[in-house]
Amino acid sequence: MVISRKIQVRLNVLFVTAVIISIAVFSMYELGYLDELLAILAKDNYIFYWMLLVGVFAEVVAGSMGMGYGVICTTTLMLLNIPPHIVSASIHSAESFTTAAGSISHIRLKNVSKSLVKKLAVPAVIGAVIGAVSLTYLGEYYAKITKTLIAFYTLYLGIQILSNAFKEKQSKALKRKTNLTRLGVIGGFIDSFAGGGWGPLVTGTLIKNAFTPRFAVGSSTVAKFILTITAAVTFFFTLGIQHWNIILGLLIGGIITAPFSAMLTAKLPVKKMFVIIGTLVIVMSSITIYKSVFN
């Protein structure tokens, strides 16, 4: 029942998106601009279509593991030599829509603690703004160093994801004291600066420290949506809109897959997914580090 309601919300988002895209494509066809649109989508070695696949894959990962969307997108874009500030700006622009669908689902399912969202979101917004402004400057003037640092960070996340497959269940008899303000600021900064990492850091910390899983995931998702919007708006004012074909590909791929990710959660072998995704992120990050250092 819970999963079906969650899927219904996401199906509604998919339906509205499909209608809007269909109207847009039909209008361009009627006006004779369809060929021009296809030519635009083929730019940059068909990166739109590659991002479409990345968006689908990243959403499958996020749906089955509860984290990983930003990490997968970041490691892939970095491997394609996209500048770090464009990577994060593109991911947060696309995630503004995918996290909205997830937040609506959790709110309707009553998985959200308002007090927890407030304690996480306010400092996360501050961290997101600082991270976006810092990345805009460093990514433009110190792109190689910034790229290497982010690659090392995604390598660390890959190791963390891989280690999750072999962790034993922890006793939740005692809830550890968690500094939510510090967690929100650091999580917001890292997510905005590195293009991802909120899920493994913040949601993972809440669950590890014995917060009720449904409230940890739901409240963290809503806080993530708020910081994502903040980061996207900040990047818009500092960078404008760049590489919209990347944003559109990630967005459509994520929205297409989102309605079915809840079903995948119960069907996919999560432990094996941790191993596969962790290994993949480690390999891709290592290649990026090698190319950054030796090229």
Side-chain angles (χ1 to χ4, degrees), residues 1-14 16-17 58-59 61-71 91-129 170 172 175-192 196-233 251 254-255 257-266 270:
M1 178 64 179
V2 169
I3 293 180
S4 64
R5 287 172 60 191
K6 189 173 184 179
I7 292 173
Q8 185 60 52
V9 173
R10 296 186 175 187
L11 281 173
N12 292 339
V13 175
L14 175 61
V16 172
T17 304
E59 184 59 38
V61 172
S64 61
M65 295 166 52
M67 62 184 71
Y69 183 93
V71 178
I91 291 171
H92 284 91
S93 297
E95 272 193 311
S96 297
F97 296 89
T98 56
T99 54
S103 297
I104 293 171
S105 298
H106 283 296
I107 290 172
R108 290 189 62 179
L109 295 172
K110 298 181 180 179
N111 292 340
V112 178
S113 165
K114 292 181 180 179
S115 61
L116 183 55
V117 170
K118 184 177 179 181
K119 290 175 182 177
L120 286 173
V122 174
V125 164
I126 297 172
V129 172
Q170 297 179 333
K172 296 186 177 181
K175 181 182 291 187
R176 301 181 188 177
K177 187 175 181 181
T178 307
N179 189 324
L180 295 175
T181 300
R182 182 172 60 191
L183 182 64
V185 171
I186 295 174
F189 175 83
I190 289 177
D191 193 90
S192 183
W198 175 269
L201 176 62
V202 178
T203 309
T205 298
L206 292 176
I207 294 175
K208 182 179 179 181
N209 289 2
F211 282 78
T212 305
R214 58 181 284 234
F215 289 116
V217 174
S219 303
S220 178
T221 299
V222 175
K224 162 73 172 177
F225 167 66
I226 296 171
L227 90 83
T228 299
I229 290 291
T230 302
V233 171
L251 173 60
I255 289 179
T257 314
F260 313 104
S261 61
M263 291 185 290
L264 292 173
T265 303
V270 177

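Computed from a prediction, not measured in an experiment: that's the story for all the values here.
Between Ser103 and Phe225, the shortest heavy-atom distance links the atoms OG-CB, 3.3 Å. Counting all heavy atoms, side chain and backbone alike, Thr203 lies closest to Ser220 at OG1-OG, 2.7 Å. Taking all atoms of both residues into account, the shortest heavy-atom contact from Ala94 to Tyr69 is CB-OH, 4.2 Å. Listed here is the closest heavy atom pair of Pro123 and Leu180: CG-O, 4.3 Å.
Residue pairs meeting the salt bridge (Lys or Arg N to Asp or Glu O under 4.0 Å) criterion with at least one member in residues 92-102, sequence neighbours excluded, are Glu95-Lys224.
In this structure, the ring pair (Phe, Tyr, Trp, His ring centres under 6.0 Å) partners of Phe189, at least two apart in sequence or on a different chain, are Phe193.
A donor-acceptor pair under 3.5 Å links the side-chain atoms of Ser219 to the main chain of Ser113, judged by distance alone. Listed for the Asn111 side chain is no donor-acceptor partner under 3.5 Å among the backbone atoms of Phe215.
Ile226 has its side chain out of reach of Val122: every pair of non-hydrogen atoms, C-beta onward, lies at least 4.5 Å apart. Annotation: side chain of Leu206 is in contact with side chain of Leu183 (closest heavy-atom distance under 4.5 Å). Annotation: side chain of Thr181 is not in contact with side chain of Lys119 (no heavy-atom distance under 4.5 Å).
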Take Asp191 and His92 through the test side-chain contact (heavy atoms from CB on, under 4.5 Å) and record every step on the way to the result. CA-CA 9 Å; Asp191 193 90; His92 284 91; 2.7 Å; yes

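One finds the OG atom of Ser192 at 13.0 Å from the CD1 atom of Ile126 (value rounded to the nearest 0.5 Å). For the atom pair CG of Leu227 and OG1 of Thr99, the computed distance is 8.0 Å after rounding to the nearest 0.5 Å.
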